[in-house]
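Note that these values count all heavy atoms, side chains included, but never hydrogens, waters or copies made by symmetry. Note that the numbering runs from 1 along the sequence shown for the chain. Counting starts at 1 for both ligands and their atoms, following the listed order.
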Amino acid sequence: MSNLPRHVAIIMDGNGRWAQQQEQPRVKGHEKGAEVVRDIMTFASRHDEIRSLTLYAFSTENWKRPKAEVEFLMKLLSRYLKKEQHVYLENNVRFHAIGDLSRFSASLQKLIRQTEEKTAHCTGLHHHLALNYGAKDEILRAVKTLQEDGLELTEEALNSALDAPEPVDLLIRTGGDQRLSNFLLWQAAYAELFFTRTLWPDFTPRELQSIIDRFKSVERRFGGL
Ligand code: FPP
């Protein structure tokens, strides 16, 4: 039986370089990138085999970027959530945020929670957006929760205390670099990794399907023979 891409996770990289190529300010790449988020999410929601799609939108390290770029990304996220809520509902997509949301403004946190609540009844794709997310931070927070609740630290308990408990089957990074950048380190323990030079604003559902086709032909042994 071939592999199924039940949980697909993507490191969306290359927005800045895409904008540079077009001789545009970096933020134009993020704007185009947000359109691609919508297209890939819609494609995944209609895909027979994908159940979860996790996208890395803002890392715990991204606060180090220039203030104007961070502010632009916050506004873009807020605009995106307001504008795309109907796309989630039309495609039966359940939205979840993962990461430490406490660093965002009160209004952005409220909008994120509202989007989760409004889509809570949706039974199709689970769409996780990683926001102020870092895998080390996620694991530390999970361990602290277990300690505070006086629970034994087992693999199962830690797994369920994470923001995103499902294992990743297929992890893709766009933009040409070959690293994980603190993304889903626990959940991707046995993920197949695919790296493409395509910059995120140029990534298409067609390329995603071609990566899935290659993924399906890989033999996954999970440490066995
Ligand atoms: C990496 O490109 C991308 C990010 C840090 C942010 C990802 C954001 C988006 C795809 C758009 C916003 C998303 C939503 C959901 C509204 P980079 O800036 O590091 O590119 P570079 O490596 O070419 O500089």
Record the part of [X] in heavy-atom contact with ligand 1 below 4.0 Å; permitted values are side chain, backbone, both and neither.
X	value
Asn62	side chain
Phe58	neither
Arg65	side chain

Could you tell me the residue and atom name of the protein heavy atom closest to [atom], and the distance to it rounded to 0.1 Å?
atom	value
atom 24 (O) of ligand 1	Arg26 NH1, 3.0 Å
atom 11 (C) of ligand 1	His30 O, 3.4 Å
atom 15 (C) of ligand 1	Leu129 CD2, 3.9 Å
atom 7 (C) of ligand 1	Ala57 O, 3.4 Å
atom 3 (C) of ligand 1	Met12 O, 3.2 Å
atom 13 (C) of ligand 1	Val37 CG2, 4.2 Å

Counting only N and O atoms by type, is there a donor-acceptor contact under 3.5 Å from the side chain of [X] to the main-chain atoms of [Y]?
X	Y	result
Asp169	Arg6	yes
Gln178	Phe195	no
Glu61	Ser181	no
Trp200	Gly33	yes
Asn91	Val93	no
Tyr56	Tyr133	yes

I want to confirm something. Looking only at heavy atoms, which of Leu77, Leu76, Leu199 is nearest to atom 12 (C) of ligand 1?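 Shortest heavy-atom distance from atom 12 (C) of ligand 1: Leu76.
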For atom 14 (C) of ligand 1, which candidate among Ala34, Gly33, Gly175 provides the closest heavy atom?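 Heavy atom nearest to atom 14 (C) of ligand 1 belongs to Ala34.
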Do Phe203 and Leu53 sit in the same hydrophobic cluster, where Ile, Leu, Val, Met, Phe, Trp and Tyr count as joined when their side-chain heavy atoms come under 4.5 Å apart?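 In one cluster: yes.
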Between Phe95 and His127, how do the two ring planes meet: parallel, tilted or perpendicular, split at 30° and 60°?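 Phe95 vs His127 ring planes: perpendicular.
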According to the interplanar angle, ranging from 0 to 90°, do the rings of His96 and His128 count as parallel (below 30°), tilted (30 to 60°) or perpendicular (above 60°)?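 Aromatic pair His96/His128 classed parallel.
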Out of Leu131, Asp163, Leu162, which residue meets the side-chain contact (heavy atoms from CB on, under 4.5 Å) rule with Ile98?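 Going through the options one by one, the only one that passes is Asp163.
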Give yes or no for whether the N/O distance cutoff of 3.5 Å, strictly under, is met between [X] and ligand 1.
X	result
Arg17	yes
Asn15	yes
Asp13	yes

Does some non-hydrogen atom of Gly14 fall short of 4.0 Å from ligand 1?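 Judged by the 4.0 Å heavy-atom criterion, Gly14 does count as contacting ligand 1.
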Among the heavy atoms of Gln20, does any lie under 4.0 Å from an atom of ligand 1?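 The answer is no: ligand 1 sits nowhere under 4.0 Å from a heavy atom of Gln20.
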Would you mind listing which atoms of ligand 1 come within a distance below 4.0 Å of any non-hydrogen atom of Trp200?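 By the 4.0 Å cutoff, the relevant atoms are 10 (C).
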At a 4.0 Å threshold, what atoms of ligand 1 neighbour a non-hydrogen atom of Tyr80?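 Within the 4.0 Å cut-off of Tyr80, ligand 1 contributes 16 (C).
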Ignoring hydrogens and geometry beyond distance, is a side-chain donor-acceptor pair present between Lys28 and Gln22 at under 3.5 Å?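 Absent: no donor and acceptor within the cut-off.
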